[in-house]
Each structure stands twice: as structure tokens, then as C-alpha cells.
Amino acid sequence: MSVKTVIQAGVVGFSLAVVVSPAAHSETLKVLEGSTSAPLTVPMNRAVVVEADQPFAELSIANPGIADISTLSDRTIYVLGKAPGRTTMTLLGPDGQLIANVDVQVSLDVAEFKERLQQILPGEKIEVRTANDGIVLSGVVSSIAKLDRALDLADRYAPGRVSNLMSVGGTQQVMLHVRFAEMQRSVSKSLSGSFGFLGTDARGGANNFDSLNSVIGGGAPITDQFGTLGVRFSAGSVQMAATLEALEGKGLIRTLAEPNLTALSGQEAKFLAGGEYPIPVRQSDSEGTTISIEYKPFGIELAFTPRVVDGDVINLALNTAVSGIDSELEASSGALAFRRREAETTVEMHDGDSFAIAGLLQDDFRDSNSQVPWLGDIPILGALFRSAEYQRNQTELVVIVTAHLVSPIRGEALALPTDRVKPPSEAQLFMLGQTASNGQAVTGGAAEVARQDFSGAYGYVME
């Protein structure tokens with residue numbers, strides 16, 4: 001073989017090596033695929049022993065922080081769960097071939113938690129699952145109290161990592177029937193006497209001068225009292241007059257309200273029977289002084305928050321108040337004044353039970369005596385120079401609260417008082433003097449309801 005032939009063969013071989021070498025290098029970068037077994041679940045801080053179908057030579061774990069592994073034999077593996085999470089365990093055969101990739105799932109140990117949950121809350125349908133490093137609770141419980149107990153227990157096993165998907169069954173709406181009764185009694189008595197004289201060079205009097213002047217002039221006593229007596233007589237050129245004024249007053253005021261409110265367990269409901277009074281408020285800032293209007297509510301106020309604790313047990317936070325404009329205090333001070341009585345309490349009661357808020361009693365007493373010095377101390381005749389006044393005001397407020405568990409019903413079973421009343425025609429109004437006439441008869445489930453007087457609330461059915 002000549003040198004030329006050898007050189008040509010070398011060049012061709014070098015060219016083939018350059019062309020083929022990338023293909024030969026790429027064949028070494030292939031992913032080996034082995035059979036993947038079913039996921040292996042291991043509780044945290046607990047171990048399981050698994051056995052392979054064929055002998056293996058090498059064993060590895062992707063994340064040793066999640067699970068720890070060790071070999072007991074060429075077919076048996078010891079797996080210890082260390083932290084919640086998911087990793088992969090790889091098994092290789094004696095020939096280096098991949099046998100299997102095993103998904104290892106380490107989760108919280110909820111077996112003990114399930115046992116404690118059944119012991120503490122027997123009969124409750126609560127499902128327990130694990131999610132990553134937390135606990136998920138789902139199902140329906142019978143009361144909010146039992147739901148809170150389940151959450152408290154779960155928080156001991158997974159602090160701060162509890163997801164609540166539970167719901168509360170049963171009736172969770174509370175209707176509150178409240179009766180306000182306020183009685184105001186007032187008694188006032190007054191007795192006053194007046195004496196005066198009119199002479200040529202002298203004139204004098206005590207107490208009601210206008211009334212004395214009217215009696216001396218031959219007229220009737222000038223007074224705002226309901227009982228008056230005036231006498232005049234003369235002694236020479238001196239005219240004298242005496243008047244006696246007496247008044248006794250009694251008053252009675254009765255205030256009553258019966259609101260019915262319904263609220264979902266844990267939600268607040270409010271009621272106000274009265275109004276709002278505008279009050280000007282002066283505000284000063286860098287730009288000057290402005291007057292704004294704020295509204296002050298008055299009347300009968302009620303706010304309550306029910307919470308169905310367990311079964312028919314209701315925890316009730318109640319705030320009630322009765323307020324009004326005080327005209328007497330406003331007249332004496334010159335500023336707007338309000339009288340307000342308020343009670344706030346939290347009680348626990350069963351469905352249909354009632355409690356009363358009483359003892360809100362106010363008793364005002366006033367006694368005054370005015371007289372002319374020395375002359376008012378004279379027996380009998382001293383009454384003409386003395387004025388006495390007695391006044392007593394008593395106010396008592398009683399609140400009675402009744403709670404019911406309620407559930408809504410279909411509207412076809414309800415009727416309004418206006419359903420059986422219709423406006424009269426012109427002939428009925430002008431010819432017969434009728435201001436209203438009966439409408440069409442109500443039939444069906446609302447017939448019995450339409451015949452009632454609707455003195456209370458309607459729209460809910462009490463259990």
C-alpha cells in the first residue's frame with residue numbers, strides 16, 4: 001500500500017469519527033425506566049417493613065429528611081417516617097438495572113387522634129384526613145360546642161395546622177320575643193296662701209301679688225292652680241285680701257313594646273322603636289369652625305347575639321335600653337337632655353325559656369317649703385304666709401325575654417292581615433259608609449292563619 005493510499009484512508013476515518021461521535025455520545029444520555037410501585041404511606045415517627053419481589057443490590061432515598069431507610073436483607077427494607085412530605089425510594093438489581101421507584105408518603109399519625117375523637121365526641125360524623133403537614137376535618141356535627149372541642153383536640157396534634165371543613169347541623173336560627181313594660185307614676189301636691197292690704201299711705205303683701213290685686217279690685221284670683229279661694233274685706237280706708245291655693249296632681253304613663261327578632265347563630269340583630277334626634281356639634285380645625293349634625297337615637301333599643309351551644313341550649317348576649325328626651329332637665333339646664341336606662345347581660349337558656357330583667361326602678365322625691373319669716377310659724381293663720389310643695393315621680397322598667405329555635409317555612413303557608421281587607425268602592429264609601437270590605441277568602445294552608453288577629457309575629461315556625 002502506498003503512502004498516498006494510507007493518507008486518504010486516514011482522512012476518511014477521521015471524517016467518519018467526527019460525524020459519528022456526536023451520535024455515539026448522545027446514546028449514553030438516556031433515562032432508564034423501571035416499574036413504579038404503589039405509593040407507600042408511612043406515619044411520622046413510625047416505621048414499616050416492606051419486602052421486594054426480587055433481590056436488590058442498591059437502595060437509595062431522594063430526601064433523607066423525610067424518611068430514613070435501611071436494609072434488613074436483600075429483599076427486606078426498613079422505612080422510618082421522619083417528617084411530613086413526599087419522596088422517592090429507588091431499588092437497583094445486582095446487574096445495575098432499575099427494579100422500581102417507590103413513592104414514599106410520610107404523614108401525621110392520626111390513628112391516636114381518631115381514637116380520642118371518638119371517645120370525646122361519640123356519635124359525631126367527623127372525617128379526619130391529612131394534607132401535607134396538617135389535619136383536615138370535615139363532616140357534620142350537631143352543635144358549635146362540639147365543633148370547638150374537635151378543633152381544640154386537633155390543634156394539640158397539629159398546632160396551627162388544622163383546616164376546618166365541618167358544618168353544624170340542626171336549627172341555627174334563634175327568634176327572640178321581647179316584651180318591654182314601663183310604668184311612670186307621678187304625684188304632686190301644693191298648698192300656698194297669700195295675704196295683702198292696700199291703704200291710703202301703705203301697701204303690702206305676701207306671695208301671689210297678682211292674685212291679691214285682682215281680689216282687692218273685686219275680681220277672681222289669678223292663679224294656675226285648680227283649687228283657689230279668695231276673700232277680701234275692709235277696715236276703714238284699708239282694703240285687705242287673702243287667697244288660698246291648693247293643687248293635687250296624679251299621672252300614669254304606660255309604655256309597651258313587643259319586638260320579635262330572628263338572627264343566625266353567632267350573628268347580631270338590632271331593634272329600635274323610637275327615632276333619632278339631630279344634635280348640632282361644633283368642630284374646629286385650621287380652616288375655622290364648622291357645625292355638623294349628629295343623630296342621637298332614642299326610644300326602645302335592643303341588640304342581641306345568640307349562639308346555639310349544644311342542642312337546644314342558647315347562649316345569649318343581650319343589650320337593651322330605653323331612652324327619651326327629658327324636657328324637665330332641658331328646661332332647667334337650657335341644653336338638650338336625654339333620660340336613658342340600659343341593661344347588658346349574657347345568659348344561657350333552653351329553647352322556649354324566658355328570663356326577666358327587673359329592678360330598673362327610679363324614685364324621685366322633692367319636698368319644699370317657703371314662708372314669710374315669723375309670720376309663717378303662726379298656727380292656722382300662718383298658712384296664709386306659707387307655701388308648701390310635694391312631688392314624687394316613680395318609674396319602673398321590666399324586660400321579659402323569650403328565646404326560640406326557629407326554621408323558615410314556605411311562603412304559601414303565610415298570610416297577612418291585609419290579605420282579607422280591600423279598599424271600598426265609591427258607592428260603599430259614600431252610600432253605605434263602609435271604610436273597608438272583606439277581600440277574597442284565603443284558602444289552603446294560610447286559611448287558619450288569616451283568621452287570627454296577628455297580635456304577635458309570624459313568618460317562622462317554632463320547634
Side-chain angles (χ1 to χ4, degrees), residues 120-121 123-124 140-153 164 166-183 254-276 296-324 338-362 395-409 414 454-463:
I120 297 175
L121 301 175
E124 296 294 331
V140 180
V141 293
S142 58
S143 66
I144 296 181
K146 295 181 179 179
L147 184 145
D148 293 338
R149 294 173 190 171
L151 293 177
D152 291 341
L153 183 61
N164 177 26
M166 295 182 293
S167 60
V168 181
T171 302
Q172 296 298 312
Q173 293 185 121
V174 179
M175 184 183 74
L176 205 66
H177 176 62
V178 185
R179 287 180 290 171
F180 292 88
E182 183 181 22
M183 298 294 294
R254 174 178 177 264
T255 304
L256 181 65
E258 293 191 24
N260 287 348
L261 294 179
T262 303
L264 191 65
S265 176
Q267 302 298 319
E268 185 183 29
K270 294 183 177 180
F271 167 84
L272 172 63
E276 292 185 342
K296 170 76 172 180
F298 66 91
I300 297 177
E301 303 174 62
L302 172 66
F304 79 98
T305 304
R307 190 170 183 265
V308 181
V309 180
D310 191 3
D312 63 344
V313 180
I314 304 171
N315 183 285
L316 188 65
L318 182 71
N319 188 347
T320 179
V322 176
S323 60
F338 286 85
R339 180 189 297 111
R340 181 180 178 89
R341 273 158 297 165
E342 183 176 358
E344 183 175 357
T345 184
T346 301
V347 296
E348 193 167 273
M349 55 200 305
H350 291 270
D351 178 24
D353 289 349
S354 301
F355 71 92
I357 301 176
L360 302 177
L361 180 65
Q362 182 177 357
T395 302
E396 183 178 5
L397 175 64
V398 178
V399 182
I400 300 178
V401 181
T402 305
H404 297 281
L405 292 174
V406 295
S407 58
I409 63 174
L414 304 177
F454 291 94
S455 58
Y458 55 91
Y460 284 84
V461 173
M462 300 179 185
E463 292 186 345

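Computed from a predicted structure; not experimentally measured. Reckoned from all heavy atoms, side chains included, excluding hydrogens, waters and symmetry mates.
- Taking 4.5 Å as the limit, every side-chain heavy atom of Val401 sits out of range of all side-chain heavy atoms of Thr320.
- Nearest heavy atoms, Ser323 versus Pro297: OG-O, 3.9 Å.
- Nearest heavy atoms, Lys146 versus Leu121: O-CD1, 3.5 Å.
- At least one side-chain heavy atom of Leu176 sits less than 4.5 Å from a side-chain heavy atom of Leu318.
- In this structure, CG on Asp351 lies 10.5 Å from OG1 on Thr402, to the nearest 0.5 angstrom.
- Judged by distance alone, with hydrogens and angles left aside, the side-chain atoms of Ser265 form a donor-acceptor pair with the main-chain N or O of Val308 at under 3.5 Å.
- Taking CG of Asn319 as the start and CD of Glu301 as the end, the distance is 8.5 Å to the nearest 0.5 Å.
- Asn260 places none of its side-chain heavy atoms less than 4.5 Å from the side chain of Phe271.
- Nearest approach of Ala303 to Glu268, heavy atoms of both residues: CB-OE2, 3.8 Å.
- Two residues are said to be in side-chain contact when any heavy atoms from C-beta on lie closer than 4.5 Å; Leu302 and Val399 fail this criterion.
- Summarising the geometry, atom CG belonging to Asp152 is positioned 9.5 Å from atom CG belonging to Leu147; distances are rounded to the nearest 0.5 Å.
- Under a 3.5 Å cut-off, the side chain of Asn315 and the backbone N or O of Val309 do not form any donor-acceptor pair.
- Put simply, the side chain of Phe304 does not reach to within 4.5 Å of the side chain of Val178, judged on heavy atoms.
- A distance of 4.5 Å separates CD1 in Ile400 from CZ in Arg179, rounded to the nearest 0.5 Å.
- For Arg341, the CZ atom sits in a packed shell: over 12 heavy atoms of surrounding residues, nucleotides or ligands are nearer than 6.0 Å.
- For the pair Gln173 and Ser407, the tightest heavy-atom approach, listed with the atom from each and the gap, is NE2-CA, 4.1 Å.
- Here CD1 of Ile314 is found 9.0 Å from NE2 of His404. Values are rounded to the nearest 0.5 Å.
- The distance from atom OG1 of Thr345 to atom CD1 of Ile357, rounded to the nearest 0.5 Å, is 6.0 Å.
- A 4.5 Å side-chain heavy-atom check between Val174 and Leu261 finds every atom pair outside the cut-off.
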